[in-house]
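So the structure is just underneath, and the comments pick up after that.
Please read these numbers as outputs of a predicted model, since none were measured by experiment. Basis for what follows: all heavy atoms, side chains included, without hydrogens, waters or symmetry-related copies. A note on names: the letters A, B, ... follow the listed sequences, proteins ahead of strands, and every chain is numbered from 1.
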There are 2 protein chains.
Amino acid sequence: MNASPRGKVTREALIVAATGVFARDGFHAASLRDIALAAGINQALIGYHFRNKEGLYLAVFENMVEQIRQRIGPIADVIDAALKAADSALDREARIELYLPPLLRLTDGLLALMASYESDNWGQLILREQQAPTVAFGVFYDGLMQRVVSLLSRLVQRLREGDTESEARLLVATILGQVLVFRAARAGVLQLLQWQRIGADELSLIRTRIHRNIRAMLEIGD
Amino acid sequence: MNASPRGKVTREALIVAATGVFARDGFHAASLRDIALAAGINQALIGYHFRNKEGLYLAVFENMVEQIRQRIGPIADVIDAALKAADSALDREARIELYLPPLLRLTDGLLALMASYESDNWGQLILREQQAPTVAFGVFYDGLMQRVVSLLSRLVQRLREGDTESEARLLVATILGQVLVFRAARAGVLQLLQWQRIGADELSLIRTRIHRNIRAMLEIGD
DNA sequence: GTCTATAAAGTGATAGAC
DNA sequence: GTCTATCACTTTATAGAC
């Protein structure tokens, strides 16, 4: 790490630029020349600060995970609290009232994250890693996704008492799929729905649809 | 059809090898040397048969679309027939009996396609194009996906009379998401469910879950 | 910490012999 | 149709001056 502010500025500029270029081109096609140029930083400094291309790539993921954590952290903390205040004596209606809203809030957060134009880069980076995991996938999954799916699974289990943990987790996978599709198959979805982009209006339609789907999948009436 | 079978063999060997290498490395990172080596074909012949790297890439997509069409074609034809035998006078129960089985058959087919280890390469190629569409995306969407989503949308509309076409299409998107997640987020799903692979047993569990979800989303009881 | 300059290896494409 | 050989260019990484 570099304590001096000069090096820190350089590091951060490189990470920001690299996030965009790696997302756009993928690890291999991305060029360190491009990244250095986009950052306005001399190319040789990449070697100095990150050792090599892979070191820079990992730094991009660590930075991304940290930023996403800051976004969904508050929601996750609320859910943790709700889960800790657990009470198996609750009747079905009370459980729904307690656990469903935070579950929907979490999926809303993920959806907003996936659909937002702002986080385009992150989505691209993560999806590439899902397809062909490198060491960077561990940075993402262990540092972030593990907690999200754990929270979702526990919420689903509370909402569906009969389910085993693996049943609940399978249901979580399909719930996540409904959110994921708007990022992973974005080009196809836009074509299918005849949308130009996923803006606020479109996001609202999607959110409503997903809420209904989740309620239906959890066998909860309106 | 080719008078000289020699060139045809070369073409096909190159397409098979290129499918694997493009899927593994992506368009940019894939090397024509690698492809030629994997095919056991001289590198210069790529230029002769496909003009350049992009020509080979497009040939890979055309070949892929053709093969997938052959797989889902029969199911699609059955659905077309069912839709043509349309009758608005049918009551709800009869519509469910007529339209739900083919819908589930189609999603089952897509799921099997997405989960199969065999079609690993296709999934990778398509997902990459979804994220950063090139002209190859059109080959895939227009040649294949358009028909699938059209069939699904029409089935959903018949099963949910009140829906507008865009409502039905949005529902189709979320249905496809539940299938897609097992390919697009495969690494994460395996981790989440503590599976080593998606084999026949796992596929069966997924299929059951998705059937239940779809029935719930369509507001159809068991 | 930052720069210039360059080494070493890889890339896609193609000319020309057979 | 297929091959060898090679060109023109780009890539990452790094040595060495400041």
Would [X] and [Y] count as having a side-chain donor-acceptor pair, cut-off 3.5 Å?
{"X": "A:Glu129", "Y": "A:Thr134", "value": "yes"}
{"X": "A:Gln124", "Y": "A:Asp120", "value": "no"}
{"X": "B:Ser153", "Y": "B:Ser150", "value": "no"}
{"X": "B:Thr174", "Y": "A:Asn213", "value": "yes"}

CA sep, side-chain torsions, deciding dist, call: B:Asp25, B:Arg128, salt bridge (charged side-chain N to carboxylate O under 4.0 Å, His left out): CA-CA 10 Å; B:Asp25 298 341; B:Arg128 283 186 211 275; over 6 Å; no

Derivation and outcome, ring-ring contact (aromatic ring centres under 6.0 Å, His included), residues B:Phe22 and B:Phe27: CA-CA 5 Å; B:Phe22 279 132; B:Phe27 180 81; 5.8 Å; yes

Rounded distance in Å - [atom1] ([X]) to [atom2] ([N]):
{"X": "B:His49", "N": "D:dG1", "atom1": "NE2", "atom2": "P", "value": "6 Å"}
{"X": "B:Asp25", "N": "C:dG10", "atom1": "CG", "atom2": "P", "value": "15 Å"}
{"X": "A:Phe50", "N": "D:dA13", "atom1": "CZ", "atom2": "C1'", "value": "16 Å"}

Within residues 13-22 of chain A, residues whose heavy atoms come under 4.0 Å of DNA chain C: none

Charged N-O contact under 4.0 Å between B:Arg24 and B:Asp34: yes

Test salt bridge (charged side-chain N to carboxylate O under 4.0 Å, His left out) applied to A:Asp80 and A:Arg147, step by step: CA-CA 10 Å; A:Asp80 252 339; A:Arg147 183 165 188 211; 2.8 Å; yes

Nucleotide-resolved protein contact map, nucleotides 11-18 of chain C, B/S/- at heavy-atom distance under 4.0 Å: BBBB----

